[in-house]
Each structure stands twice: as structure tokens, then as C-alpha cells.
4 protein chains.
Amino acid sequence: MFELDLRSRKPIYEQLVDRLKQLIINNVLEKDEKLPSVRVLAQQLSINPNTIQKAYRELEAQGYIYSVKGKGSFVNHIMMTDNSAEIKKVKEQLKKQIAEALFLGITIEELEKLITEVEQSVTRGDEDDSSSERR
Amino acid sequence: MFELDLRSRKPIYEQLVDRLKQLIINNVLEKDEKLPSVRVLAQQLSINPNTIQKAYRELEAQGYIYSVKGKGSFVNHIMMTDNSAEIKKVKEQLKKQIAEALFLGITIEELEKLITEVEQSVTRGDEDDSSSERR
Amino acid sequence: MFELDLRSRKPIYEQLVDRLKQLIINNVLEKDEKLPSVRVLAQQLSINPNTIQKAYRELEAQGYIYSVKGKGSFVNHIMMTDNSAEIKKVKEQLKKQIAEALFLGITIEELEKLITEVEQSVTRGDEDDSSSERR
Amino acid sequence: MFELDLRSRKPIYEQLVDRLKQLIINNVLEKDEKLPSVRVLAQQLSINPNTIQKAYRELEAQGYIYSVKGKGSFVNHIMMTDNSAEIKKVKEQLKKQIAEALFLGITIEELEKLITEVEQSVTRGDEDDSSSERR
DNA sequence: GTGGTCTAGACCACA
DNA sequence: GTGGTCTAGACCACT
């Protein structure tokens, strides 16, 4: 379910963050669903609990989950937090990458195809696995 | 012109790479234009020359510029190198970010608007400024 | 084991890259095998760690190894990266060298013998030692 | 006729050496033919004469041409010099690159096709232009 | 302990 | 003057 790549250049905790984000975004983890406890997940993935901790903290900071003392961590999903800053950041990043894509010769049609692809897989509740990344 | 953030988590040389890519993509730096010499730029930004070199080297590896020993570094721009690998990478990243954008509530219409915006500013030779990022 | 030539015109880090490539290609270093750490190798060869790092970084860029921050550097070997650009480059270089070989009087038969020789030694897991080069 | 690439990473004098080697190998410059004088060639290519000098010196050292004081430089072609060292060197280099080619997935058939290709273009007296090289 | 970044300063090769 | 390599030594992030 998590398929961490211990060999990837990307720190494990970041992989966890990204993976969980994906699961939340794609509705695999539903609103208010409880995430596995730090200890359990750590054991499952045979990873240091600190690493899990760090990932959960990061997700909370970004508004994807919320933690309740003594109960655990839960999916936020509707993003009650103030997105505006986040949205602005994502848009800026997107602009940069779109510019790079166009520069590399990717056509607008291809870009739009990408969008509809992603959009469909998201609404279907797919799990679009397109990870790896090994600079 | 460069606005480096020495305190950022993102390495200085990477900031430089991104910035220069932007300038090249947006045609602010034109084909075969000479980049500032390693030492000059280093002095301007009060940064160690080695750091500049690392950035230039990376840009060269990615096909954006070329460097000649006793002469200097120049914009490549026509991308004669085989960039299929680069394209694949960019597409994957775009997919991830589109997914995140949709999750944050950005609509497809907004995404398409972004594309046309970028497309126009690029062909106009604009420079879309929008940096920051202090993770 | 490494036999660096500090006086050669070829940079030390390039010598290292070539040598390690050879070891990987000839299966002396096996898949996922851990390379000596930057510092250890630096001490062994009495060379600055930065130089080793440069070599490792280059090998990573070319897809031969991968490095993970707190863990070490490891052999990639399966070449999952898109190497079409690399292939093209190697082919062009080969053409030049074949032309030179023919000029020097090496016959086509000899060239074909070379190929089968190399092919066999590679599949056998040999290590064909034949360095030097002091331009 | 020379098509130097002033933008290439490869030093100009080396480009000259390679180019002249090619011309000699492909019989475009015939035995005992006089090469253009340093000054003339320098003017033609609008290049510093020192650079030409360096190239000619290198070619002479490698046995491709011979220089007669006061007369000029001439093509050697039959290689009266002792090739054995040169041959050995080329063979070793070839072995390395064949190994790399095989590792990258190039098939033996492709390699043999390369050989016949080169062989034909050489005997035809072609000018196989496959330069560039822009690391 | 691992890789990664950065600095300061030296020296070389090319034009 | 240009890029390129190398050293020595410091500090950071991840495990």
C-alpha cells in the first residue's frame, strides 16, 4: 500500500507525505478517516517512528490532516484551513512548470490532455501511480 | 535581478538554476547570449564562484546553456539535445501538481486559463516574476 | 584497485567515473551493492572527499548509481532511466573510433573479434583490466 | 570545409586535429599533399595562428603529417611510424566503449551494422560528418 | 556516519 | 580573462 522506495533520493518522510497526500486527494482515504498510528505504521513499514512522526507533522502543517491528542490523526479533506496562500503557491509553481513544458516542446493540447486525465482518475477514485523519481 | 534567498532550504545553486531557466524560457536571455562570467556573477551576488559554476554546470547538463573554456557560457535555447527524458519527468511532475491543484479546489477552467496566460506571456517575451519559497 | 594517475591530463573525478563504470558494467559491482562512502574512499585514495563526490554525482546523473542522504551510494545497474541520449552519444563516439581503427590497419575481422571478446567477458562477469592513458 | 564549432566544449585546436585526421583517413587529403600554411588557414578560419600551430604540432606527434622547415606541412598517410602502440591504445579504448554500448542495451547486430557503415563510407571516400558533441 | 552544500583560495588550460 | 579542477575545512539534513 505504501511502497516506499528506500533507495530513492527523496527522503523517506517526504515520500510518506507525498504518498499520503495522494491517497487523500484521490479519496482513497476518506474524510475523518483515522490514519494508522505512528507506532503501527512504523512497524508495518519497518521504519523509524520518528520518520513517521515527521511526515504526520508536515501533513498537519499543510492542512491535510488533523491530530487529536490521545486519539490519533485524521484526514481533513475539505480543507477548512485557509487555502489561499497554498493555492497561490501551487498556481505559481504550475505556471513555472507549464512554461518549462512549453519550452521543451510539449503542446497545449498535450497539457490539456494531462489535465483531463488527472481529473478523471481523481473523480474515479483511482490511484494514479506515477511515482518513482530518481534524479 | 536574482533575489537569492540565502536562508532558504533550497540550495543556492538550485535557486540559480531555476532562475536562469526561467530567464531563458521567457526569452529574456536570448539564444547565444553570453551569460555573466562565473567570477563576475559571483562577485555581484557576493557568492562563491564555485557555487555559480555548479549552477552553470547543471544548466549545461540539462541542455540550457553551453560553456566554452576560454570564452564563457552561452544560452543554447534551441534544445538540440535529446530531451525526451526531461519531457517525461516534467509531465510526471505536472500530473502530481495538477492533482494537488484540483484537490485544493482550483477548477479546470482556472487551469486552462493558466495555460493560455503562460503561453501568451512566453510568446510575448514577458518575464513572469513570481519567486519566493521558503519551505 | 583504482590506480589513479594524479598527473594525467584527465581529471581525477573523470578517471574515477570511468573506472567505476567499468566495474559496474563488468558486474564486479553488483546491483544495489553499496559503494564505499565518500569519506572512506577519499581517505583510501588520499584524495579530497569533494572530488569523490563529484564523481559519484556524475555517475548518478548518468544513471549508473543512486545516492541516498543518510545511507550511502548504491549501484543501479538496471538502467531504468531513459538512456536514449546516452546511446546516441556512445554510437557517435564508436563510429569515430572505428574509423580511426580501420585507418590504423585494424581489420574488420579483428573488430568483430573484439566485440565477441567483450561480449563474452561481460556475460562471464570478468574484469577486463586495461587502463593507463597519459595523453 | 572545416566547419569549426566555436561553441563546442571541445577546444578548437582539438577540433582541428580531429577534422584533419578525418580528412586524411578518408583520403580527401592525399599522400604528400601540402596542407595550407598556418597563416593562410588561420586567416581563412579567422582563428588565432597559435591555435593552428598547436593542431599541426599535435598531428605531427601522432604521425599523421610531417613538416619540412621552410616548405610546409604534408600528409603522411602511409604511417611509416610505429603504429603498434597506437593500435593497442585504440583497441583498448574500443573494448571499453563496446562494453558500455552492450551495457546500455545496444545489440551486437547494431554494432556490426555500425562497423559496415563506417567501412563503406571510408572506402567510398565519403566525408562522414557526425561531429558535434556538446556534453 | 551518510551524502550534500558552501566557502576560500590555489592552480591549470584555452583564447 | 574565461571555464575547470582540486584542496581544506565547515556546517547541515537524514538515518
Side-chain angles (χ1 to χ4, degrees), chain A residues 6 8-16 42 46-55 135, chain B residues 4 6-16 34-42 45-58 60 65-74 135, chain C residues 4 6-16 34-42 45-60 65-74 135, chain D residues 4 6 8-16 42 46-55 135:
Chain A
L6 301 181
S8 165
R9 184 184 193 89
K10 177 179 288 188
I12 295 179
Y13 87 93
E14 266 190 45
Q15 287 184 51
L16 267 174
S46 43
I47 274 183
N48 192 315
N50 291 333
T51 308
I52 311 280
Q53 270 290 17
K54 197 165 182 180
R135 272 207 243 179
Chain B
L4 294 179
L6 302 184
R7 302 164 43 201
S8 165
R9 268 193 65 151
K10 178 181 284 190
I12 298 177
Y13 85 94
E14 266 189 41
Q15 292 181 50
L16 269 172
K34 187 175 178 303
L35 295 176
S37 90
V38 170
R39 303 194 230 269
V40 167
L41 190 51
L45 306 177
S46 40
I47 271 182
N48 189 296
N50 286 332
T51 307
I52 309 284
Q53 245 223 1
K54 201 168 182 179
Y56 278 15
R57 196 184 181 73
E58 179 72 20
E60 192 177 10
I65 69 173
Y66 60 90
S67 300
V68 187
K69 252 194 198 165
K71 316 265 288 203
S73 298
F74 307 84
R135 285 205 230 177
Chain C
L4 294 179
L6 301 184
R7 304 164 41 201
S8 165
R9 267 193 66 152
K10 179 181 284 190
I12 298 178
Y13 83 95
E14 267 188 41
Q15 292 181 48
L16 269 171
K34 188 172 177 304
L35 295 176
S37 90
V38 170
R39 303 195 230 270
V40 167
L41 190 52
L45 306 177
S46 40
I47 271 182
N48 190 295
N50 287 332
T51 306
I52 309 282
Q53 245 223 359
K54 202 168 183 179
Y56 278 15
R57 195 184 182 72
E58 179 71 20
L59 284 168
E60 191 175 11
I65 69 172
Y66 59 91
S67 299
V68 187
K69 252 194 198 160
K71 314 266 288 204
S73 298
F74 307 84
R135 282 205 233 180
Chain D
L4 293 178
L6 301 180
S8 165
R9 185 186 194 87
K10 177 180 289 189
I12 294 178
Y13 87 94
E14 265 190 45
Q15 288 184 52
L16 267 173
S46 44
I47 274 184
N48 191 314
N50 291 332
T51 309
I52 311 280
Q53 269 291 17
K54 196 165 183 180
R135 274 208 244 180

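In what follows, chains carry the letters A, B, and so on, assigned in the order in which the sequence lines appear, proteins first and then strands, with residues in each chain numbered from 1. Just so we're clear, the structure is a prediction, and the values are computed from it rather than from any experiment.
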Rounded to the nearest 0.5 Å, what's the gap from [atom1] on [X] to [atom2] on [Y]? Could you check?
X	Y	atom1	atom2	answer
C/Lys71	C/Ser37	NZ	OG	15.0 Å
B/Glu14	B/Arg9	CD	CZ	11.5 Å
B/Arg57	B/Ser73	CZ	OG	11.5 Å

Whole-Å distance separating the [atom1] atom of [X] from the [atom2] atom of [N]:
X	N	atom1	atom2	answer
B/Tyr56	F/dT2	OH	P	11 Å
A/Gln15	F/dC14	CD	P	13 Å
B/Lys69	F/dG3	NZ	P	12 Å
C/Arg39	F/dA10	CZ	P	13 Å
C/Arg9	E/dC11	CZ	C1'	15 Å
B/Lys10	E/dT5	NZ	P	13 Å
B/Ile52	F/dT2	CD1	P	13 Å
B/Glu14	E/dG4	CD	P	12 Å

Which dot-bracket string describes DNA chain F (Watson-Crick N1-N3 plus N6-O4 or O6-N4, or G-U N1-O2 and O6-N3, all under 3.5 Å; [ ] crossing; | other strand)? ||||||||||||||.
Looking at every strand, decide which applies to A/Ile12 at a 4.0 Å heavy-atom threshold: base, sugar-phosphate, or nothing. sugar-phosphate
Looking across every strand, which nucleic acid part, if any, lies under 4.0 Å from C/Asn50 by heavy atom: base, sugar-phosphate, or nothing? base
Partner residues of B/Asn48 under the side chain to side chain contact (heavy atoms under 4.5 Å, CB included) criterion, sequence neighbours left out: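 Listed in chain order: B/Asn50, B/Thr51.
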Please determine whether a side-chain nitrogen or oxygen atom of [X] lies at a distance below 4.0 Å from atom OP1 or OP2 of [N].
X	N	answer
B/Thr51	E/dC6	no
B/Arg57	F/dT5	yes
C/Tyr13	F/dT5	yes
C/Ser37	E/dT2	yes
B/Gln53	F/dG4	yes
C/Lys54	F/dC6	no

When only distance counts, do a donor and an acceptor, one from the side chain of B/Asn48 and one from the base of E/dA8, lie under 3.5 Å apart? yes
B/Gln15 and B/Ser8: which non-hydrogen atoms are nearest, and at how many Å? NE2-CB, 3.6 Å
B/Phe74: partners by ring-ring contact (aromatic ring centres under 6.0 Å, His included), with sequence neighbours left out: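 With sequence neighbours excluded, B/Phe74 shows a ring-ring contact (aromatic ring centres under 6.0 Å, His included) to B/Tyr66, given in chain and number order.
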Going through the distances and angles, do C/Leu45 and C/Leu16 end up as a side chain to side chain contact (heavy atoms under 4.5 Å, CB included)? CA-CA 11 Å; C/Leu45 306 177; C/Leu16 269 171; 4.1 Å; yes
More 5' along DNA chain F: C/Leu6 or A/Pro11, using each one's nearest nucleotide?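 Upstream on the strand: C/Leu6.
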Closest to the 5' end of DNA chain E, once B/Gly70 and C/Val38 are matched to their nearest nucleotides, is C/Val38
So which one's nearest nucleotide on DNA chain E is more toward 5', C/Gly72 or B/Ser46?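 Result of the comparison: C/Gly72.
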Heavy-atom side-chain proximity of C/Ile52 to C/Ile47 below 4.5 angstrom: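 Of all side-chain heavy-atom pairs linking C/Ile47 with C/Ile52, at least one is under 4.5 Å.
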Heavy atoms from C-beta onward define the side chain here; which of E/dG3, F/dG4, F/dT5 lies closest to that of C/Ser67?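 In terms of side-chain proximity for C/Ser67, the closest of E/dG3, F/dG4, F/dT5 is E/dG3.
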